[in-house]
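Right, one structure below, let's go through it.
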Protein chains: 2
Amino acid sequence: MDTRERLIDSTRELLWERGYVGTSPKAIQRLSGAGQGSMYHHFGGKAELALAAIERSAGEHRERADAVFTGPGTALERVTAYLRREREALRGCPVGRLTHDPDVMADPALRAPVEETFALLTGRLTALLAEAGEKGEIDARLDPADTAAALVAVLQGGYVLARATGSAETYDRAVDGVLGLIAVHSPTAP
Amino acid sequence: MDTRERLIDSTRELLWERGYVGTSPKAIQRLSGAGQGSMYHHFGGKAELALAAIERSAGEHRERADAVFTGPGTALERVTAYLRREREALRGCPVGRLTHDPDVMADPALRAPVEETFALLTGRLTALLAEAGEKGEIDARLDPADTAAALVAVLQGGYVLARATGSAETYDRAVDGVLGLIAVHSPTAP
DNA sequence: GTCTATAGGACGATAGAC
DNA sequence: GTCTATCGTCCTATAGAC
């Protein structure tokens with residue numbers, strides 16, 4: 001991996017763990033092994049580097065989600081697979097975390113990838129839930145868009161809970177809880 | 001309001017908006033109107049001030065929640081009232097936000113109020129959901145603890161969604177979504 | 001491309017006068 | 001209690017040699 005890639009990677013890591021304000025160019029240099037001059041040769045500054053890092057993280061995030069959404073199984077099975085996908089609960093969401101970073105949200109360029117990612121997630125889930133409703137996999141009375149928002153929120157909130165309690169299990173609890181709510185009134189439930 | 005209180009209040013505000021790393025003593029002084037010497041007379045430093053601010057925020061948060069949990073109505077009505085309570089969605093949760101702050105989570109003293117707050121919320125909701133299940137207000141097959149975790153997560157995740165989309169409506173969508181999930185298989189549902 | 005040197009400012013805290 | 005002065009460090013960036 002070349003220096004440029006190592007810089008992006010290190011920035012992604014630090015952004016995930018410490019956020020934008022908490023991430024200094026010096027820390028990025030230390031983690032990536034690149035020197036001062038090297039970093040400023042490849043990127044104009046902290047903001048430019050952060051943009052590359054955020055776009056990369058958001059892009060990968062969407063690709064991984066898409067792989068599940070367009071994967072095998074019924075609509076409900078794909079929704080469930082997405083919710084059950086393994087995540088590093090205690091580390092939080094690398095994209096969702098950025099919403100709490102005022103400097104990221106204040107910059108339209110930095111903010112855009114975050115916004116797009118959540119738009120894609122809720123959009124895809126809305127479509128899948130609509131399909132699940134039509135096919136009788138879930139209760140047809142459920143509003144697809146509202147339910148999709150609730151599902152995405154459970155995941156994002158699950159990270160908060162996991163970090164607050166210091167246990168990744170709390171994340172699983174929240175996911176189990178919302179899956180229980182969906183499953184218990186699905187036509188195939190006992 | 002005396003200087004000490006103004007310092008705590010300003011710190012709460014800044015912690016809410018910018019987090020611990022993003023909040024400097026200088027900014028606290030500016031917002032509170034207190035001078036350098038004044039701040040360090042009342043508090044040992046940034047961490048001590050943050051502790052007072054976090055304890056205050058977490059305490060108020062728990063009191064407001066308790067007021068709804070022990071208020072009028074059936075168990076399900078109280079759960080619903082809690083979910084529907086007005087919140088400043090775009091500002092995020094002043095307590096939940098801190099879970100993304102590594103410096104806060106690394107300090108046991110700063111972390112404790114956050115942990116306790118979420119323990120109380122999930123605990124109270126678990127009890128109410130158990131009661132609602134026993135009284136037939138919701139499906140008795142729902143696991144109270146898992147469902148409670150999901151509800152708290154929806155609220156916390158709702159803030160993330162609202163900030164990501166830039167619209168407080170997204171928060172309401174998520175709440176509507178999870179209320180829909182509960183309502184649709186409650187015995188009183190159409 | 002990468003290095004070292006340097007800069008102006010902010011950060012977090014301390015000291016001592018009043 | 002509050003003020004001003006001062007401190008050492010880190011932050012973010014630029015300059016220029018190699």
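The model shown is predicted, which means the values in this text are computed figures rather than measured ones. The sequence lines fix the lettering, A, B, ..., with proteins before strands; numbering per chain opens at 1. Values below: all heavy atoms of this structure, side chains included; hydrogens, waters and symmetry mates excluded.
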- Item | Nearest-angstrom distance from the residue atom CD of B:Glu48 to P of C:dT14 | 11 Å
- Within the pair A:Thr3 and C:dT2, is there a side-chain N or O less than 4.0 Å away from OP1 or OP2? yes
- Message: Distance to the ring centre below 6.0 angstrom and angle to the axis at most 45 degrees; does that hold for B:Arg18 and A:Tyr20?
- Response: no
- Message: On a heavy-atom basis, which atom in B:Tyr171 and which in B:Tyr159 lie closest, and how many Å separate them?
- Response: CD1-N, 3.6 Å
- Query: For DNA chain D, which residues in residues 14-47 of chain A have a heavy atom at a distance below 4.0 Å?
  - Reply: A:Thr23, A:Ser24, A:Pro25, A:Lys26, A:Gln36, A:Tyr40, A:Gly45, A:Lys46
- If you round to the nearest 0.5 Å, how far is OH of A:Tyr82 from CZ of A:Arg124? 11.5 Å
- Message: I'd like to know whether A:Glu5 forms a salt bridge (Lys or Arg N to Asp or Glu O under 4.0 Å) with A:Arg56, so could you lay out the CA-CA distance, the side-chain angles of the two residues, the decisive distance to 0.1 Å, and finally the verdict.
- Response: CA-CA 11 Å; A:Glu5 285 300 304; A:Arg56 186 72 64 87; 3.0 Å; yes
- Given Watson-Crick or G-U pairs with both distances under 3.5 Å, what dot-bracket string fits DNA chain D, with | for other-strand pairs and [ ] for crossing? ||||||||||||||||||
- In terms of hydrophobic clustering (I, L, V, M, F, W, Y; side-chain heavy atoms under 4.5 Å; direct or indirect links), are A:Leu14 and A:Ile54 co-clustered? no
- Task: Output, in order, the C-alpha distance, side-chain angles, deciding distance and verdict of salt bridge (Lys or Arg N to Asp or Glu O under 4.0 Å) for A:Asp2 and A:Arg4.
- Result: CA-CA 6 Å; A:Asp2 65 1; A:Arg4 199 190 141 85; over 6 Å; no
- Flag for A:Thr170-A:Thr165: side-chain donor and acceptor within less than 3.5 Å: yes
- Expressed in angstrom and rounded to an integer, what is the separation of A:Arg6 atom CZ from C:dG1 atom P? 14 Å
- side-chain contact (heavy atoms from CB on, under 4.5 Å) partner of A:Val178, the single match among A:Leu155, A:Leu151, A:Thr147: A:Leu151
